[in-house]
There are 2 protein chains.
Amino acid sequence: MEVENQFSKIASLIGDKTRSIMLWSLLDGKAYTATELAVSANITRQSASNHLSKLMEAKLILVEKQGRHRYFRLANEKVAQVIESMASLILDEKIEIKKSAEAKKLAFARTCYDHLAGKLSVEIVTSLMEQKIITLNDNSFEITDYGKDWFVELGINVESLKNEKRSFAHKCLDWTERRHHIAGALGAAILKNFLEKDWIRRKQNTREVIVTSLGESMLSEKLKIMI
Amino acid sequence: MEVENQFSKIASLIGDKTRSIMLWSLLDGKAYTATELAVSANITRQSASNHLSKLMEAKLILVEKQGRHRYFRLANEKVAQVIESMASLILDEKIEIKKSAEAKKLAFARTCYDHLAGKLSVEIVTSLMEQKIITLNDNSFEITDYGKDWFVELGINVESLKNEKRSFAHKCLDWTERRHHIAGALGAAILKNFLEKDWIRRKQNTREVIVTSLGESMLSEKLKIMI
DNA sequence: TTTATAATTCATTCTACACTGAACTATTTT
DNA sequence: AAAATAGTTCAGTGTAGAATGAATTATAAA
């Protein structure tokens, strides 16, 4: 098949009203059952099942079986990136006034797959670079010796992260900020760490992340970030 | 409207079979008339006109009037980036054997909007960096003093490019290579220069770019790139 | 001026494909 | 074992929205 038709096929696969909402729901990197996705997209289970098998066939999502449940999640971070990039067409409207409150909050701080995205996430990178905790090397971030201690103090053991199969700390383009944030094992560890310490909290049914007052003072102290 | 529905709307806008083929055609950054786009998408002019007005409304494309012709082109480079990112889901399949010959050629060298993309384009960046002709500074490339002379010798006046309104040489993520190439005024100037000198040639009806034998030896000499 | 070409608008038709209900398999629970 | 829950398959239905034809506007060429 010609490339343009392959493109057209994948575009219409993503572009269906219901499937696009499902993909949007899956953008937090979590795994959901068919029923859960059916409810959030407001369709029957049969219909959801049908859509999910189409997304599976195109390898946009994958499934894990657990007993009578089947958990669906995005196939990989790259799919998440594509969805994010499409969403950037609505999120970064020049005219601030037209941006909904919800969109603004998402632009400030949200999860993307398993790491942080939005303004906060790129400010973290800026601060870590300025403090020489991380450095940029081609396509990924590296941690300085000082940085290793800094992360240990934060509660993240950098060495053990490096043993994971996945990439350690690659750059991930933030579509609302048009700058990079940290993805990979380190990006995931930072999100987990901040959540565990209650610096930030997830909100129900959205990828939006809010900064707690504890988080506000800690981000200011450790990273010189003013919310 | 909730963000998920805004996303769904833009996704289905792009995701229509015919519109996606039109957008794919526009990806070379050139402007086409409604009739031309109708022919390449194999539909009537009325239908094309209808689709184009929808894409206009969403600000994905814009139009320039010239006499009785109306020339349509992508609204900006960002839209091109989004289309490219979606296409990356088909272009970078792990299983090489399944890649069509056409897709392989596109992955090697193609135009993206008004600059080069693909393997060749990121190799150019690598070489220019190694030779200290350009350096990376945050989100854009900068040219060294030595680099200025080097580009003048190539036939590109860097100073006059800087006076253009558009960004000079920002980074642009290459979706097949997952690394950056040069966009902006410099990226466009390089593509133009290479075409004029017949180092590379456009092919009809595709974004594919081929390297001439002259180009092969010049790229080897000037940039140490072996095709 | 007339004729040809480019593009759009609108009312109508058409169809791809999403949705539904019913029947089914596979687990878990009681 | 029976009942309940999760999910799928499939044949038939329904509809959003794409395609079309006819009419209209605008510009260019003859």
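Here is how names work: the chains are called A, B, and so on, in the same order as the sequence lines, proteins then strands, and each is numbered from 1.
- Residue B:Phe72 is classed as a sugar-phosphate contact, given heavy-atom separations below 4.0 Å to backbone atoms only.
- Non-hydrogen atoms lying under 4.0 Å from DNA chain D are contributed by B:Gln46, B:Ser47, B:His51, B:Lys54, all within residues 46-55 of chain B.
- By the 4.5 Å heavy-atom criterion applied to side chains, A:Leu191 and A:Leu195 are counted as neighbours.
- Rounded to an integer number of Å, the gap from A:Leu13 CG to C:dA16 C1' is 15 Å.
- With hydrogens and angles ignored, the 3.5 Å screen pairs no side-chain donor or acceptor of B:Thr111 with any backbone N or O of B:Asp114.
- Taking the six-membered ring where the residue is Trp, the centroids of B:His170 and B:His180 are separated by 6.0 Å or more.
- If you take CZ of A:Arg45 and P of C:dA23, they are 16 Å apart, rounded to a whole angstrom.
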Quiz prompt | Sequence-aligned protein contact record of nucleotides 24-30 of chain C, with B where the base is within under 4.0 Å of a protein heavy atom and S where only the sugar-phosphate is | solution = ---BS--
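- A heavy-atom distance below 4.5 Å is found between the side chains of A:Val158 and A:Phe168.
- Closest heavy-atom contact between A:Lys203 and A:Ile210: CD-CG2, 3.7 Å.
- Between A:Asp28 and A:Arg207, the shortest heavy-atom contact is CB-CG, 3.9 Å.
- Side-chain nitrogen and oxygen atoms of B:Thr35 include at least one within less than 4.0 Å of the OP1 or OP2 phosphate oxygen of C:dA7.
- For A:Asp174 (side chain) and A:Gly118 (main-chain N/O), a donor-acceptor pair under 3.5 Å exists by modelled atom type.
- As a whole-Å value, the separation of B:Ile61 CD1 from C:dA7 C1' is 14 Å.
- The shortest heavy-atom contact between B:Ile14 and B:Ser20 is O-CB, 3.4 Å.
- Summarising the geometry of B:Ile21 relative to A:Glu4, their closest heavy-atom pair is CG2-OE1, 3.5 Å, with the distance given to 0.1 Å.
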Practice problem: Using the side-chain hydrogen bond (donor to acceptor under 3.5 Å, both in side chains) rule, take B:Glu2 and B:Asn5 through it: C-alpha gap first, then chi angles, then the decisive distance, then the call. | Solution: CA-CA 5 Å; B:Glu2 307 85 345; B:Asn5 287 326; 2.7 Å; yes
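- Along DNA chain D, read 5' to 3', the first and last nucleotides having any atom under 4.0 Å from a heavy atom of chain B are D:dA18 to D:dA28.
- Few gaps surround NZ on A:Lys162; more than 12 heavy atoms of other groups in view lie less than 6.0 Å from it.
- A:Arg19 places its CZ atom 12 Å from the C1' atom of C:dA16, with the value rounded to the nearest Å.
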